[in-house]
Engineer: 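Provided herewith is a single structure, encoded as structure tokens, for subsequent inquiry.
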Amino acid sequence: MHSRLRFVLPLFALAVLSATTALAQSPVAQTPPMGWNSWNFFADKVTDKDIRGAADQLVATGMKDAGYIYVNIDDTWEDKRDANGVLQTNAKFPNMKALADYVHSKGLKIGIYSGPGNKTCGGYTASLGHEEQDAKMYAEWGFDYLKYDLCSFIPDVMQKQAPNDKAAQMKLMIAAYEKMGKALKDATAKTGRPIVFSLCQYGWDSVWEWAPQLGGNLWRTTGDIDPHWDRIYAIASQQSGLEKYAGPGHWNDPDMLEVGNGKLTLAENRTHFSWWAMLAAPLLAGNDLPNMKPAIKAILTNKDVIAIDQDSLGKQGKHAYSDGEVEVWTRELQGGALAIAVINVGSDRLSTHPFHLDLARIGLGSEQTGKNLWTGKTVTLTNNEPIELPSHDILLVRLDHPQS
Ligand code: GLA
């Protein structure tokens, strides 16, 4: 070997190694993951073309710049396994590696979906008995995120191996998630590509208590969302009390966003988005990006609201108090700042239920100045002043310097 090469090569190898190690060690999900997922709008119709289209739109609409980075393929990409157990993609997804390369070429990341049972929720092939093989394949394709959905693991394994024994069933479930968590870690060690691990088992068995230890970066806390106010409200209410389990690298996941879907009113879209931000929830849009209305884009790209969600302190907001049909939630932010959300969860305009914000009940002095994050204007809150809110609308205020 040429003597100069003999000197340069090890240096080069060292540089590659340290770059790979740095990548492998760079922690993921230090703030709640943001992106888009195919399920809420496309469900089982999603194709390679839709995923490319979503990536294009994230860039074109400014959503990428606002922080939406993950483009996640949900269920229905899978076909059968070949003779070597390698899972094949179906005709809707002719070439996953090429698709991942395309999404990466836009400066975005890409996610995929599977589950610990024989079948996914949509009845497609899942990972039981092939966990390492599948994790390795996702990493080789270039995937950055895995949503792992319990579904048929319940009848396939839990009910079969431990009928009528809830404690044993829970152990089996935890072991299944642990197995995939480890498989992803091993795949990352080989490829240097960190993979966000999203647990989807609908918030059973206090998942928030055990998911972080086995590598979970987020875990669903409830059953599925749908684009109706009642469901969004029910899910948001169920998050109260879970705040202590969230933090950098590990988040409660009240399910993907329905902003822009169904017949939600603008107030409902605004409140849904704001509430998820207060909850430090992952912000995974699930709407039809190519046909997004300007008002929906304005909601999804509201930088001030996103900054609440992505606040580096990573402290999930909490329910402070309710008064009639009005709820007050607060979230502590970096640098001593505070976000206050006042939400009319009732079906009437508030003139029929005058609401008076009691600042003392949220530990504040009688006058506060901050920013109304939906009007962008400076606002002064005075103790017990009446606040008018249309049904299902929100007043979201950021106080950079709360006064006690
Ligand atoms: C479950 C999940 C949904 C979605 C579907 C796909 O219902 O909770 O988010 O992934 O499966 O089949």
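Whatever order the structure lists ligands and atoms in, that order sets their numbers, starting from 1.
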Engineer: With sequence neighbours excluded, tell me which residues meet side chain to side chain contact (heavy atoms under 4.5 Å, CB included) with K119.
Structural biologist: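 For K119, the residues satisfying side chain to side chain contact (heavy atoms under 4.5 Å, CB included) (neighbours in sequence not counted) are S152.
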
Engineer: Can you sort out the partners of H356 under side chain to side chain contact (heavy atoms under 4.5 Å, CB included), two or more places apart, ordered by chain and number?
Structural biologist: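 With neighbours one apart ignored, the set is P354, N384, P386.
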
Engineer: What orientation do F197 and Y148 show, parallel under 30°, tilted 30 to 60°, or perpendicular over 60°?
Structural biologist: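 Answer is tilted, since the angle falls between 30° and 60°.
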
Engineer: Pick one: which of Y321, W276, W275 meets ring pair (Phe, Tyr, Trp, His ring centres under 6.0 Å) with W329?
Structural biologist: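 With W329 as partner, Y321, W276, W275 yield a single ring pair (Phe, Tyr, Trp, His ring centres under 6.0 Å), made by W275.
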
Engineer: Taking atom types as modelled, is there a side-chain donor on Q238 or T221 under 3.5 Å from an acceptor on the other?
Structural biologist: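 Distance-only check fails for Q238 and T221.
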
Engineer: Sequence neighbours left out, what passes disulfide (SG to SG under 2.5 Å) with C121? Give chain and number order.
Structural biologist: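 Partners of C121 under the disulfide (SG to SG under 2.5 Å) test: C151.
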
Engineer: Who are the residue neighbours of ligand 1 when the rule is a heavy atom under 4.0 Å from any of its atoms?
Structural biologist: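 Under the 4.0 Å cut-off, ligand 1 touches W39, D74, D75, Y113, C121, G122, K147, D149, C200, Y202, R220, D224, M256.
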
